[in-house]
Amino acid sequence: MKTKPTFLHQNCPLITCMIQADDPNTAINTVRNAIADGCDAFGFQLEVMPREYRGEDKIKSIFHEMGPRPIYVTSYRNNKSEGLSDDELVDSLVYLINCGATLADVMSDFYCPEQTQFTTNAIAVEKQKAAVSRIHEVGGEVLMSAHTGRFMTADEVLRIATGQQERGADISKIVTVANSEEEEFENLRTCERLKHELDIPYIFLCGGSHNKLLRQIGPFLGACMWLTVQQHDNWSTKAQPVCRAIRAIKDSFDYN
């Protein structure tokens with residue numbers, strides 16, 4: 001069996017271009033432009049794609065355009081997936097891995113929704129572990145995510161990241177908020193602490209009014225990838241930087 005490209009054990013952070021599109025042709029055009037802009041990997045957000053376009057032939061046609069680059073996939077509860085159960089969301093992640101994706105995003109509050117997207121409910125945690133095992137069994141890698149919706153101290157972030165690690169995640173992803181310079185610089189310190197205190201790769205990001213610095217230099221402090229967009233449009237996450245701008249930053253940094 002052909003080995004999939006991986007998000008793990010990379011020598012330097014990857015520029016991952018997130019694809020949010022409401023039809024396959026738009027997704028494919030964005031992929032082609034992002035390759036020209038120099039991305040290293042892709043993220044595909046299934047929840048944005050209408051359900052009538054989620055057939056295997058459509059998904060594989062999008063993934064085919066991504067070439068040999070690793071593919072990260074999400075299946076969140078919002079947008080066009082609203083109303084699906086968490087079991088159905090996990091099923092869709094397994095489906096996307098079987099379609100050719102590498103890395104599946106298991107939300108840290110699957111089976112027990114919480115405002116911070118991180119639950120400690122024992123039953124939910126066991127179900128999350130089972131979901132992680134299921135994705136691993138079909139050859140996928142697992143990222144566990146928490147979009148907390150608020151600023152968090154380094155200790156709070158580390159508690160979530162450690163919990164994700166204990167549940168079997170290969171990569172931790174935590175998105176907090178920064179609405180002041182003080183919170184912005186505290187997030188940079190948190191990013192550096194994760195590098196030394198967590199045993200798995202991680203993505204640490206923030207939203208809010210002071211989000212740009214962390215999103216641009218976080219990988220220089222230890223985060224494993226940038227999350228970028230090819231361009232800002234109706235679906236793209238506005239806080240994510242443009243791929244070609246990050247390409248210029250990355251190419252100017254000496255990783256040796």
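Residue numbers count from 1 along this sequence. Everything numeric here is computed off the predicted structure, so don't read it as measured data.
- In this structure the side chain of Ile249 reaches within 4.5 angstrom of the side chain of Ile246, judged on heavy atoms.
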**OP:** For Lys212 and Glu184, run side-chain contact (heavy atoms from CB on, under 4.5 Å): C-alpha distance rounded to whole Å, both residues' side-chain angles, the deciding distance at 0.1 Å, then the answer.
**Re:** CA-CA 9 Å; Lys212 288 188 177 181; Glu184 179 178 40; 5.7 Å; no

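- Dense packing is recorded around OH of Tyr76, with more than 12 heavy atoms of other residues, nucleotides or ligands lying under 6.0 Å away.
- Under the 3.5 Å distance criterion, the side-chain polar atoms of Lys4 are matched with a main-chain donor or acceptor of Ala101.
- A salt bridge does not link Asp86 with Lys127: every distance from a Lys NZ or Arg NE/NH1/NH2 to an Asp or Glu carboxylate oxygen is 4.0 Å or more.
- Contact check on Lys195 versus Glu192 returns no salt bridge, with no Lys/Arg side-chain nitrogen under 4.0 Å from an Asp/Glu carboxylate oxygen.
- For the pair Thr74/Leu46, no side-chain contact is recorded, criterion being any heavy-atom separation below 4.5 Å from C-beta on.
- A donor-acceptor pair under 3.5 Å is absent between the side-chain atoms of Gln165 and the main chain of Leu198, judged by distance alone.
- For the pair Val106/Val90, no side-chain contact is recorded, criterion being any heavy-atom separation below 4.5 Å from C-beta on.
- In this structure, Asn211 and Cys206 approach most closely via the heavy-atom pair CB-O, 3.1 Å.
- There is no side-chain donor-acceptor pair under 3.5 Å between Asn29 and Thr26.
- No continuous path of ILVMFWY side-chain contacts below 4.5 Å connects Leu96 to Val48, so the two sit in separate hydrophobic clusters.
- Val229 and Val175 fall into different hydrophobic clusters, defined by Ile, Leu, Val, Met, Phe, Trp and Tyr side-chain heavy atoms under 4.5 Å apart, directly or through other members.
- The backbone N or O of Asn121 sits less than 3.5 Å from a side-chain atom of Thr119, completing a donor-acceptor pair.
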Subject >> Trace of the side chain to side chain donor-acceptor pair (under 3.5 Å) decision for Ser75 with Glu47 >> reply: CA-CA 5 Å; Ser75 186; Glu47 64 276 4; 5.4 Å; no

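- Looking at heavy atoms from C-beta onward, Tyr202 lies out of side-chain contact with Ile174 at the 4.5 angstrom threshold.
- Closest approach of Leu188 to Leu221, counting heavy atoms only: O-CD1, 3.7 Å.
- Within a 6.0 Å sphere centred on NE2 of His232, other residues, nucleotides and ligands contribute more than 12 heavy atoms.
- Between Lys80 and Asp22 no salt bridge is recorded (no basic side-chain N to carboxylate O distance below 4.0 Å).
- Donor-acceptor pairing under 3.5 Å is lacking for the side chains of Thr148 and Thr116.
- In this structure, CD in Glu137 is found 13.0 Å from CD1 in Ile97, a value given to the nearest 0.5 Å.
- Surrounding CD of Gln216 are more than 12 heavy atoms belonging to other residues, nucleotides or ligands, all under 6.0 Å away.
- Between Asp233 and Lys238 there is no salt bridge, since no side-chain nitrogen of the basic residue lies less than 4.0 Å from a carboxylate oxygen of the acidic one.
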Original post:
Stepwise, does the ring pair (Phe, Tyr, Trp, His ring centres under 6.0 Å) test hold for Phe42 with Tyr72?
Top reply: CA-CA 6 Å; Phe42 282 100; Tyr72 158 47; over 10 Å; no

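- Placement of Leu194 and Leu213 within a single hydrophobic cluster is found when ILVMFWY residues are connected by side-chain heavy-atom separations under 4.5 Å, directly or transitively.
- Between Phe220 and Phe253, the ring centre distance stays below 6.0 Å.
- Heavy-atom neighbours of Glu52 CD from other residues, nucleotides or ligands within 6.0 Å: above the threshold of 12.
- Distance CD/Gln117 to SG/Cys112: 12.5 Å, rounded to 0.5 Å.
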**OP:** Determine, step by step, whether Glu186 and Arg189 satisfy the salt bridge (Lys or Arg N to Asp or Glu O under 4.0 Å) criterion, reporting the C-alpha distance in whole Å, the side-chain angles of both residues, the deciding distance to 0.1 Å, and the verdict.
**Re:** CA-CA 5 Å; Glu186 182 61 26; Arg189 286 187 284 269; 3.2 Å; yes

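- Classification of Arg32 and Glu65 as a salt-bridged pair holds, one side-chain N sitting under 4.0 Å from a carboxylate O.
- No hydrogens or angles considered: a donor-acceptor pair under 3.5 Å links the side chains of Ser81 and Arg54.
- Donor-acceptor pairing under 3.5 Å is lacking for the side chains of His210 and Asn187.
- The backbone N or O of Glu114 lies less than 3.5 Å from a partner atom in the side chain of Asp109, making a donor-acceptor pair.
- Within 6.0 Å of CD on Glu197 lie more than 12 heavy atoms contributed by other residues, nucleotides or ligands.
- Nearest heavy-atom pair, Cys17 versus Ala34, reported as atom, atom and distance to 0.1 Å: SG-CB, 3.6 Å.
- With a 4.5 Å cut-off on side-chain heavy atoms, Val242 and Gln230 do not count as touching.
- Considering CG of Asn33 and CD1 of Ile28, their distance stands at 12.0 Å, rounded to 0.5 Å.
- The CG atom of Asp105 sits 8.0 Å away from the CE atom of Met107 when rounded to the nearest 0.5 Å.
- A distance of 5.0 Å separates CD1 of Ile62 from CD1 of Ile59, quoted to the nearest 0.5 Å.
- Rounded to the nearest 0.5 Å, atoms CZ (Phe63) and CD1 (Ile19) are 10.5 Å apart.
- Annotation for Asn98 and Val138: closest pair OD1-CB, 3.8 Å, computed over non-hydrogen atoms.
- With hydrogens and angles disregarded, no donor-acceptor distance shorter than 3.5 Å links the side chain of Glu182 to the backbone of Ala178.
- Between Arg159 and Asp155 there is no salt bridge, since no side-chain N of the basic residue sits under 4.0 Å from a carboxylate O of the acidic one.
- When all heavy atoms are compared, the tightest approach of Lys60 to Cys99 is CG-O, 3.8 Å.
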Original post:
Could you walk me through whether Gln240 and Thr228 pass the side chain to side chain donor-acceptor pair (under 3.5 Å) check?
Top reply: CA-CA 5 Å; Gln240 291 173 346; Thr228 69; over 6 Å; no

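- With hydrogens and angles left out, the side-chain atoms of Thr102 and Glu141 include no donor and acceptor closer than 3.5 Å.
- Under the 4.5 Å side-chain criterion, counting only non-hydrogen atoms from C-beta, Pro201 is not in contact with Asp170.
- Ion pairing of Glu156 with Arg150 is present here, as a side-chain N (NZ or NE/NH1/NH2) and a carboxylate O approach within less than 4.0 Å.
- Glu88 contributes a side-chain N or O that, together with a main-chain N or O of Ser85, makes up a donor-acceptor pair within less than 3.5 Å.
- Looking at Ser108 and Gln128, their side chains never bring a donor and an acceptor atom within 3.5 Å of each other.
- Counting heavy atoms of neighbouring residues, nucleotides and ligands inside a 6.0 Å radius, atom CG of Asn234 does not exceed 12 of them.
- The minimum heavy-atom distance linking Ile200 with Ala169 is given by the pair CD1-O, 3.6 Å.
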Subject >> Check against side-chain contact (heavy atoms from CB on, under 4.5 Å), Phe204 and Thr176 >> reply: CA-CA 8 Å; Phe204 180 55; Thr176 63; 3.8 Å; yes

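- Contact check for Met18 versus Thr16: side-chain heavy atoms found under the 4.5 Å cut-off.
- Phe118 is not connected to Ile171 by any chain of hydrophobic side-chain contacts under 4.5 Å among Ile, Leu, Val, Met, Phe, Trp and Tyr, and they are in different clusters.
- Side-chain atoms of Ser236 and Gln231 form no donor-acceptor pair, as typed in the model, at a separation below 3.5 Å.
- A heavy-atom distance below 4.5 Å is not found between the side chains of Asp37 and Arg247.
- Salt bridge absent: Asp23 and Lys58 never bring a charged side-chain N and a carboxylate O closer than 4.0 Å.
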